[in-house]
Amino acid sequence: RVFTERQEMLRYFKGVHDALDIYGMFVLDAYGGPMSMEAMEKNSRDKTKIQKGAFTYVWEQHSFDAIDHSVVNHIHFEFPDGTALRKAFTYEWRFWTLPELRDLLAEAGFSSSTVYWEDEDEDG
């Protein structure tokens with residue numbers, strides 16, 4: 001696992017900042033929201049299924065530790081013939097909240113940070 005400690009993440013952001021030229025921009029895609037801070041119930045997994053032609057992609061939030069924000073997530077694939085590939089991918093990481101990330105970016109030297117939500121539109 002990488003970026004589990006604050007100092008490690010800060011070092012990374014400082015490195016990014018130092019590598020940018022004066023007009024440079026750093027774009028960060030963050031995973032989050034209240035539902036990502038809890039393990040999924042079995043029946044909730046159906047809501048994360050995405051049909052992609054020859055297979056169905058299933059995202060499973062297996063565990064979340066509220067104390068240290070460690071997360072384990074799995075990606076499964078299901079096929080029309082009833083077979084499945086369980087735990088095709090497993091991700092173990094430290095969940096960083098948007099306020100934490102913005103604080104780290106400011107501390108690393110970024111002059112500003114803007115958050116855009118998935119459902120953002122011209123009305124805000």
Side-chain angles (χ1 to χ4, degrees):
R1 298 191 316 184
V2 295
F3 306 126
T4 58
E5 301 297 325
R6 188 180 192 287
Q7 283 307 113
E8 183 181 19
M9 184 64 90
L10 180 60
R11 245 186 335 273
Y12 174 75
F13 285 158
K14 283 182 177 181
V16 170
H17 183 268
D18 292 347
L20 293 172
D21 70 18
I22 194 164
Y23 298 108
M25 178 174 57
F26 177 47
V27 177
L28 178 64
D29 184 12
Y31 150 82
M35 297 293 289
S36 54
M37 297 174 98
E38 57 188 48
M40 298 174 99
E41 297 294 324
K42 181 82 170 145
N43 58 0
S44 297
R45 292 182 196 149
D46 289 338
K47 297 176 185 170
T48 66
K49 291 183 177 184
I50 302 171
Q51 187 69 40
K52 290 287 189 185
F55 64 88
T56 300
Y57 166 100
V58 182
W59 175 262
E60 176 192 354
Q61 290 176 191
H62 179 73
S63 65
F64 176 82
D65 186 315
I67 296 170
D68 67 6
H69 280 205
S70 60
V71 177
V72 177
N73 297 320
H74 304 294
I75 294 176
H76 313 290
F77 296 101
E78 297 175 348
F79 304 99
D81 67 359
T83 61
L85 178 57
R86 299 281 175 221
K87 297 184 183 177
F89 299 95
T90 296
Y91 301 95
E92 296 182 35
W93 56 53
R94 198 276 196 197
F95 179 89
W96 295 93
T97 65
L98 290 176
E100 289 175 310
L101 290 171
R102 295 185 81 197
D103 286 347
L104 283 161
L105 290 167
E107 191 174 334
F110 288 89
S111 58
S112 66
S113 62
T114 304
V115 174
Y116 295 97
W117 289 99
E118 185 174 295
D119 296 329
E120 191 76 21
D121 65 14
E122 64 278 356
D123 298 324

Notebook entry, point to check: Do the side chains of Phe77 and Thr56 get nearer than 4.5 Å, heavy atoms only?
Noted result: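 Heavy-atom side-chain distance check fails, nothing below 4.5 Å.
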Check: Is there side-chain contact between Tyr91 and Ile75, with at least one heavy-atom pair below 4.5 Å?
Finding: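 Yes - at least one pair of side-chain heavy atoms lies under 4.5 Å apart.
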Check: Who passes side-chain hydrogen bond (donor to acceptor under 3.5 Å, both in side chains) against Thr90, sequence neighbours left out?
Finding: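 For Thr90, the residues satisfying side-chain hydrogen bond (donor to acceptor under 3.5 Å, both in side chains) (neighbours in sequence not counted) are His74.
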Next item on the list: Mind checking side-chain contact (heavy atoms from CB on, under 4.5 Å) for Thr97 and listing every partner two or more places apart, or none if nothing turns up?
Entry: Met37, His69, Phe95, Pro99, Glu100
Next item on the list: Using the test side-chain contact (heavy atoms from CB on, under 4.5 Å), find all partners of Asp18 that sit at least two apart in sequence or belong to another chain.
Entry: none
Notebook entry, point to check: For Phe3 and Tyr12, what are the C-alpha separation, side-chain angles and deciding distance, and is it a side-chain contact (heavy atoms from CB on, under 4.5 Å)?
Noted result: CA-CA 8 Å; Phe3 306 126; Tyr12 174 75; 3.4 Å; yes
Throw together a table of side-chain donor-acceptor distances under 3.5 angstrom for residues 22-36, partners on residues two or more places apart or in other chains.
{"residue": "Tyr31", "atom": "OH", "partner": "Asn73", "partner atom": "ND2", "Å": "3.3"}
{"residue": "Ser36", "atom": "OG", "partner": "Gly32", "partner atom": "O", "Å": "3.2"}
{"residue": "Ser36", "atom": "OG", "partner": "Gly33", "partner atom": "N", "Å": "3.3"}
{"residue": "Ser36", "atom": "OG", "partner": "Gly33", "partner atom": "O", "Å": "2.5"}

Item checked: Any pair counted as salt bridge (charged side-chain N to carboxylate O under 4.0 Å, His left out), so long as it reaches residues 62-72, sequence neighbours left out ->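 Found none.
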Next item on the list: For Glu8, enumerate each residue passing the salt bridge (Lys or Arg N to Asp or Glu O under 4.0 Å) test, keeping only those at least two apart in sequence or located in another chain.
Entry: none
Item checked: Residues clustering with Val72 (ILVMFWY side chains joined when closer than 4.5 Å, directly or via others) -> none
Note to self: Give me the atom names and distance for the closest heavy-atom approach of Pro80 to Ala54.
What the structure shows: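 Shortest heavy-atom separation between Pro80 and Ala54 comes out as CD-O, 3.2 Å.
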Notebook entry, point to check: Could you go step by step and tell me if Gln61 and Val71 meet the side-chain contact (heavy atoms from CB on, under 4.5 Å) rule?
Noted result: CA-CA 8 Å; Gln61 290 176 191; Val71 177; 5.9 Å; no
Item checked: Under 3.5 Å side-chain donor-acceptor pair for Arg94 and Ser70 ->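 Distance-only check fails for Arg94 and Ser70.
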Item checked: CG on Leu105 to CZ on Arg102, rounded to 0.5 Å -> 8.5 Å
Show which side-chain atoms of residues 81-89 pair as donor or acceptor with protein atoms under 3.5 Å away, not counting sequence neighbours.
{"residue": "Asp81", "atom": "OD1", "partner": "Thr83", "partner atom": "N", "Å": "2.9"}
{"residue": "Asp81", "atom": "OD1", "partner": "Thr83", "partner atom": "OG1", "Å": "2.6"}
{"residue": "Arg86", "atom": "NH1", "partner": "Glu78", "partner atom": "OE2", "Å": "3.4"}

Checklist line | Aromatic plane relationship, His17 with Phe110 - under 30° parallel, 30 to 60° tilted, over 60° perpendicular | finding: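 Taking His17 first and then Phe110, their aromatic rings stand perpendicular (interplane angle over 60°).
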Next item on the list: Sort and list the pairs that fulfil side chain to side chain donor-acceptor pair (under 3.5 Å) and have at least one residue in residues 103-112, not counting sequence neighbours.
Entry: Arg6-Glu107
